[in-house]
Amino acid sequence: MAAEMYATVPLKIQDWAPEDRPREKLLQKGAAALTDAELLAVLIGSGTRNTSVVMLAQHILKMNGNSLQELAKRSVQELQRFRGIGAAKAIAIVCAMELTRRRTHEPFRKKELVNSSFKAYKLLQPDLTDKSIEEFWILLLNRANYLIKKIKVSSGGTSRTIVDAKFLFRLVLDHQAVSIILAHNHPSGNTVPSTADIELTSSLDKAGKLLDIAVLDHIIFTDRNYFSFSDEGML
């Protein structure tokens with residue numbers, strides 16, 4: 001008796017192994033692990049009744065010579081000629097291609113090395129000068145002390161701002177920083193740290209040590225001068 005043959009039918013994305021689904025694959029392995037078709041499929045979001053989103057993406061690429069440069073030339077109207085691509089999906093593809101083009105032509109921006117309290121102070125001047133209320137900022141740094149990003153954590157009254165340590169360190173971990181510099185301004189112009197400033201610095205330093213994140217400094221900012229906890233041997 002002949003062995004029964006299994007019919008081959010296209011599988012829907014939900015029938016794939018989780019590690020093969022584009023979104024799940026991206027989360028587990030990173031965007032670099034996805035093929036061009038899989039990346040395009042994530043942008044498109046869904047296929048048609050008879051075509052999976054990856055098959056639709058493969059078809060679009062094939063009709064453009066499997067070239068992202070050719071795909072980038074397509075207008076919204078041209079992309080809508082593919083069954084399953086409506087205006088919203090076509091716009092998403094066009095916008096993604098335009099972002100890629102802009103990134104290619106974006107001028108190189110030199111990374112800022114933050115190797116002194118003065119450099120940290122200068123980096124914060126555009127953000128904290130002439131402020132009438134207190135704001136708390138952090139400088140996120142990589143292992144070589146280059147700036148990843150500066151972020152305002154909170155703002156408050158004229159004499160104090162509240163800092164949520166859980167929120168602060170969540171930002172640090174999300175950006176994969178290994179060290180930080182704390183900073184807040186004193187609208188009064190007085191650079192002397194208050195008792196609350198000292199206690200906050202100590203508590204954040206201890207929390208950072210538990211997470212293997214170094215708190216390198218705490219800058220008290222005024223328009224004319226600054227105070228550095230590190231320079232004064234208080235960190």
Working to the nearest 0.5 angstrom, can you tell me the gap between [X] [atom1] and [Y] [atom2]?
X	Y	atom1	atom2	answer
Asp36	Leu71	CG	CG	9.5 Å
Leu171	Ile138	CG	CD1	5.0 Å
Ser179	Asp212	OG	CG	10.5 Å

Indicate the atoms forming the closest heavy-atom contact of Met55 with Thr51, along with that distance.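 Distance-wise, the nearest heavy atoms are CB-CG2, 3.5 Å.
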Grab the two heavy atoms, one from Ala41 and one from Pro22, that are nearest each other, plus how far apart they are. CB-CG, 4.5 Å
For Leu27, the rest of its hydrophobic cluster, which grows through side-chain links under 4.5 angstrom: none
Given a cutoff of under 4.5 Å between side-chain heavy atoms of I, L, V, M, F, W and Y, with clusters grown through shared members, what are the other residues clustered with Leu139?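 Same cluster as Leu139: Val114, Phe118, Tyr121, Leu123, Leu124, Leu128, Trp137, Leu141, Leu147, Ile181, Leu216, Ile219, Phe221, Tyr226.
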Strictly distance-based, threshold 3.5 Å: is any side-chain N or O of [X] a donor or acceptor partner for the main-chain N or O of [Y]?
X	Y	result
Asn142	Ala177	no
Asn64	Ser67	no
Asp223	Asp130	yes
Ser202	Ile198	no
Gln28	Lys25	no
Thr191	Phe227	no
Ser203	Leu200	yes

Using the rule that Ile, Leu, Val, Met, Phe, Trp and Tyr join whenever any side-chain heavy atoms are under 4.5 Å apart, tell me whether [X] and [Y] fall into a single cluster.
X	Y	answer
Val54	Leu26	no
Ile44	Leu39	no
Ile60	Ile91	yes
Leu210	Leu204	no
Ile151	Ile148	yes

Pairs where [range] contributes a residue and the test salt bridge (charged side-chain N to carboxylate O under 4.0 Å, His left out) is met, not counting sequence neighbours:
range	answer
residues 137-150	Asp127-Lys150
residues 191-207	Asp205-Lys209
residues 91-100	Glu98-Arg101, Glu98-Arg102

Can you check side-chain contact (heavy atoms from CB on, under 4.5 Å) on Leu182 and Val163, steps first, answer last? CA-CA 11 Å; Leu182 314 172; Val163 178; over 6 Å; no
Is the shortest heavy-atom distance from the side chain of [X] to the side chain of [Y] under 4.5 Å?
X	Y	answer
Asn115	Asn145	no
Ile180	Leu168	yes
Leu61	Leu68	yes
Leu79	Val94	yes
Ile220	Asn190	no
Glu134	Ser155	no

Apply the test side-chain contact (heavy atoms from CB on, under 4.5 Å) to residues Asn185 and Thr222: give CA-CA distance (whole Å), side-chain angles for both, the deciding distance (0.1 Å), then the verdict. CA-CA 6 Å; Asn185 62 314; Thr222 71; over 6 Å; no
Considering residues at least two apart in sequence or located in another chain, which fulfil the side-chain contact (heavy atoms from CB on, under 4.5 Å) criterion with Ala96?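 Here the qualifying residues are Leu43.
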Any pair counted as side chain to side chain donor-acceptor pair (under 3.5 Å), so long as it reaches residues 81-95, sequence neighbours left out: Ser46-Lys89
Among pairs that include at least one residue of residues 163-176, which meet side chain to side chain donor-acceptor pair (under 3.5 Å), considering only residues two or more places apart or in two chains?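 Output for this query is empty, none listed.
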Quick note, ring-ring contact (aromatic ring centres under 6.0 Å, His included) partners involving residues 31-88, not counting sequence neighbours, are His59-Phe82
Gln58: which residues meet the side chain to side chain donor-acceptor pair (under 3.5 Å) condition with it, sequence neighbours left out? none
Show your reasoning for whether side-chain contact (heavy atoms from CB on, under 4.5 Å) applies to His184 and Glu135. CA-CA 5 Å; His184 78 281; Glu135 293 184 357; over 6 Å; no
Could you work out, with ring-ring contact (aromatic ring centres under 6.0 Å, His included) as the rule, every residue matching Phe169, not counting sequence neighbours? none
Parallel, tilted or perpendicular, as decided by the 30° and 60° cut-offs, for the rings of Phe136 and His218: perpendicular
Check whether more than 12 heavy atoms from other residues, nucleotides or ligands sit under 6.0 Å from atom CD of Glu78, and answer yes or no. yes
Cut-off 3.5 Å, no hydrogens considered: what does the side-chain donor-acceptor table look like for residues 228-235, sequence neighbours left out?
residue : atom : partner : partner atom : Å
Ser228  : OG   : Asp217  : OD1          : 3.1
Ser228  : OG   : Asp217  : OD2          : 2.7
Ser228  : OG   : Ser230  : N            : 3.3
Ser228  : OG   : Asp231  : N            : 3.0
Asp231  : OD2  : Ser117  : OG           : 2.5

